[in-house]
Amino acid sequence: MKNYLDDTKSIPERVEDALSRMTVEEKVGMIHAQSKFSSAGVPRLGIPEIWTSDGPHGVRPEVLWDEWSQAGWTNDSCFAFPALTCLAASWDKNLSLLYGISLGEEARYRNKNVLLGPGVNIYRTPLNGRNFEYMGEDPYLSSKMVVPYIKGVQSNGVAACVKHFALNNQEVDRDKVNVNVDDRTLYEIYLPAFKAAVMEGGTWAIMGSYNLYKNEQCCHNQYLLNDILRKEWGFEGVVISDWGGAHNTLQSITNGLDMEFGTWAPGMAWGKTNNYDNYYLAKPYLAMIKSGEAGTKELDEKVRRILRLEFLTAMAKNKPFGAMVSEDHIAAGHKIATDGIVLLQNKYNVLPIDLSKAKKIAVIGENAVKMMTVGGGSSSLKAKYEISPLDGLKKRAGTQTEIVYARGYVGDASSTADGYSTGQDLKETRSADELLTEAVNLAKGADYVIFVGGLNKSEHQDSEGADRLGLELPYNQDKLISELAKVNKNLVVVNISGNAVAMPWVNEVPAIIQGWFLGSEAGNAIAAVLAGDVNPSGKLPFTFPVKLNDNGAHALGEYPGSNGQVTYNEGIFVGYRWTDKQKIKPLFSFGHGLSYTTFEYGKVTADKKEMNDADKITFTVTIKNTGTREGSEIVQLYISDLKSSLPRPVKELKGFEKVNLKAGEEKVVSITVDKAALSFFDADKHNWVAEAGDFEALIGASSADVRSKVGFKLK
Ligand code: BGC
């Protein structure tokens with residue numbers, strides 16, 4: 001009779017059983033990578049390897065065992081979901097669950113055990129090259145949106161790995177910058193989404209970030225990992241280093257890291273292959289154990305957590321089988337994309353376009369054709385298909401409307417990432433003037449001009465490893481847009497980006513759409529909104545400032561820092577908290593987004609005038625669709641503390657509800673909050689405090705469009 005692992009017991013018992021059979025070498029073998037994306041199991045005991053994969057928006061194609069370049073598999077094309085900024089812009093928790101379930105199914109089908117996402121680093125500056133992978137500037141919105149995503153992914157027996165913990169808010173010097181932030185700001189702004197991921201989402205894994213905090217690398221950081229994550233939040237899952245984020249054996253042993261990936265340790269010549277035995281948590285750890293410099297207590301703790309992960313994922317019984325690029329995934333991706341698109345401006349109702357009347361539409365701009373699922377760093381995908389905006393529009397227009405195209409400018413003609421090519425040839429030999437003239441001439445004779453531009457996934461755009469160089473649109477697009485506006489009054493600008501951009505032409509252009517990186521269904525989703533098949537309902541998850549200095553981090557000069565230090569001088573005043581405080585009018589404010597219909601808000605009421613410590617309070621408002629077509633509105637609740645012993649933001653988002661209304665329909669929306677919504681983090685007490693006194697609840701269609709308010713007291 002063979003002595004197999006007993007799989008009839010509870011997970012804690014199975015963990016102890018497996019642990020008791022393992023040698024020290026086998027244990028150390030499990031806590032570091034064996035290839036770019038996997039770690040070893042224990043073959044002798046039937047414990048499988050753990051396979052991780054990027055990323056937040058789709059399952060990354062296979063790379064070679066020990067290289068970043070493509071393995072060349074032909075069965076690893078995925079469905080590309082919209083970027084997380086788009087998901088956040090839907091403000092729809094059910095869609096976040098759908099996103100997680102669908103993406104988890106793809107990961108499951110591909111036999112991945114850990115999905116390296118979602119990312120919830122707060123949008124501190126519009127220059128951060130990775131903002132497109134995150135969920136915006138507000139800790140409440142990102143907390144609410146991250147939880148269902150995690151639950152959805154993990155319902156497939158695939159772990160979510162929430163990243164990057166913590167304070168990874170810029171790409172410049174990301175692996176060596178030390179972030180100085182006060183405790184209050186840390187707890188109020190930068191930690192809540194991670195805390196929600198752990199305590200409400202129950203994430204099975206979390207990824208440390210590249211940067212430092214309190215001059216200690218975040219991947220082995222006493223304060224973040226031991227004190228906060230494990231002691232304060234009770235995290236039972238696995239801490240995985242970001243790829244190359246571990247830098248020290250002793251700290252990796254003691255400061256909360258469980259699994260080390262992607263390291264180029266000292267003494268390992270750059271490019272030397274299969275150096276995994278020399279990782280900090282490999283031979284050097286073993287040597288310390290052998291010499292008595294280190295014990296095995298921490299090792300056992302790490303392995304316990306990894307074994308638990310095994311039993312929840314690779315060794316989970318009765319897990320589903322998953323699916324790739326299924327009809328359901330396509331429908332989910334399409335829905336998330338259309339619901340995340342934000343109608344920023346729509347003067348004299350240029351949109352939606354009535355395709356039964358428009359004879360000719362000129363589509364201008366590189367982003368109308370450039371594939372966006374490839375590039376951007378680790379989130380780069382090999383999508384089974386990607387519908388470009390131009391193709392989406394052509395398909396939607398059919399034969400009744402002529403669609404003509406001009407590129408207008410050349411942005412980035414490259415088309416490969418990690419050796420994977422989109423197959424597009426974007427080489428261009430004509431001069432910038434020639435391209436501009438062609439576009440303007442085309443625009444002259446069209447009923448509508450749709451300019452599709454913005455950023456892309458190339459370096460210094462929306463891409464990992466570097467930040468943007470400015471808030472402006474690159475490649476001289478501003479000039480082109482202004483020229484187009486001069487010759488055609490029906491100009492629609494579709495901005496494809498994961499970041500705010502400056503729009504000096506905002507008053508010259510009637511309609512503007514924020515298009516995000518929308519994945520496989522991009523073109524179909526954009527066409528559906530432009531043609532009015534879908535009534536847009538997305539709202540911005542971050543502020544669009546007019547200029548860079550309208551953002552706190554830039555106004556106070558602490559970006560990207562110097563001498564390896566960056567100090568968040570703006571403190572808690574991030575995003576709209578800053579523009580509110582400074583009374584700055586943003587280009588487009590947090591929470592802003594229009595619809596093809598109109599909504600009338602009634603007056604907000606509260607179910608009580610005074611609340612006690614343990615009470616809840618409910619705010620109620622009626623919303624009426626006063627237009628002629630069905631639409632959804634995202635009703636936002638902000639709380640304002642009228643008098644406080646510490647400076648507080650003018651208001652903070654503490655609730656939201658998305659409500660769908662037929663033309664003429666009216667619904668009552670109720671949002672309930674408790675004391676937590678009134679609290680701030682008192683650094684001296686190291687606790688959340690709600691001070692007795694007067695508060696206001698503000699109901700708004702955006703952070704800058706408050707429709708009514710009601711006062712109440714905390715006793
Ligand atoms: C990124 C992570 C990613 C990892 C693996 C790192 O460079 O920061 O987000 O999951 O690579 O590709």
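All ligand and atom numbering here is 1-based and tracks the order in the structure.
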Would you mind running through ligand 1 and noting each atom that sits below 4.0 Å from a heavy atom of F37? 5 (C), 12 (O)

Can you pull out the closest protein heavy atom to atom 6 (C) of ligand 1? Residue, atom name and distance to 0.1 Å, please. D242 OD1, 2.9 Å

Is it the side chain, the backbone, both or neither of E171 that has a heavy atom closer than 4.0 Å to ligand 1? neither

At under 4.0 Å between heavy atoms, what of F261 touches ligand 1? The answer is neither

Identify, for atom 3 (C) of ligand 1, the protein heavy atom at the shortest distance, and state residue, atom and that distance. D54 OD1, 3.3 Å

Looking only at heavy atoms of M207, does any of them come nearer than 4.0 Å to an atom of ligand 1? yes

Can you tell whether the side chains of K112 and E62 come within less than 4.0 Å, N to carboxylate O? yes

Looking at the rings of Y420 and W73, which for Trp means the six-membered one, are their centres under 6.0 Å apart? no

Closest candidate by heavy atom, reference atom 9 (O) of ligand 1, pool H164, E133, E464, R174: H164

Going by atom types only, do E232 and Y187 share a side-chain donor-acceptor pair under 3.5 Å? yes

Under 3.5 Å, is there a donor-acceptor pair linking the side chains of S497 and N495? yes

Is there a salt bridge (charged side-chain N to carboxylate O under 4.0 Å, His left out) between K163 and D54? Walk through the geometry before answering. CA-CA 11 Å; K163 63 194 192 183; D54 288 300; 3.4 Å; yes

If you measure from each non-hydrogen atom of K36 to ligand 1, which part falls under 4.0 Å: side chain, backbone, both or neither? neither

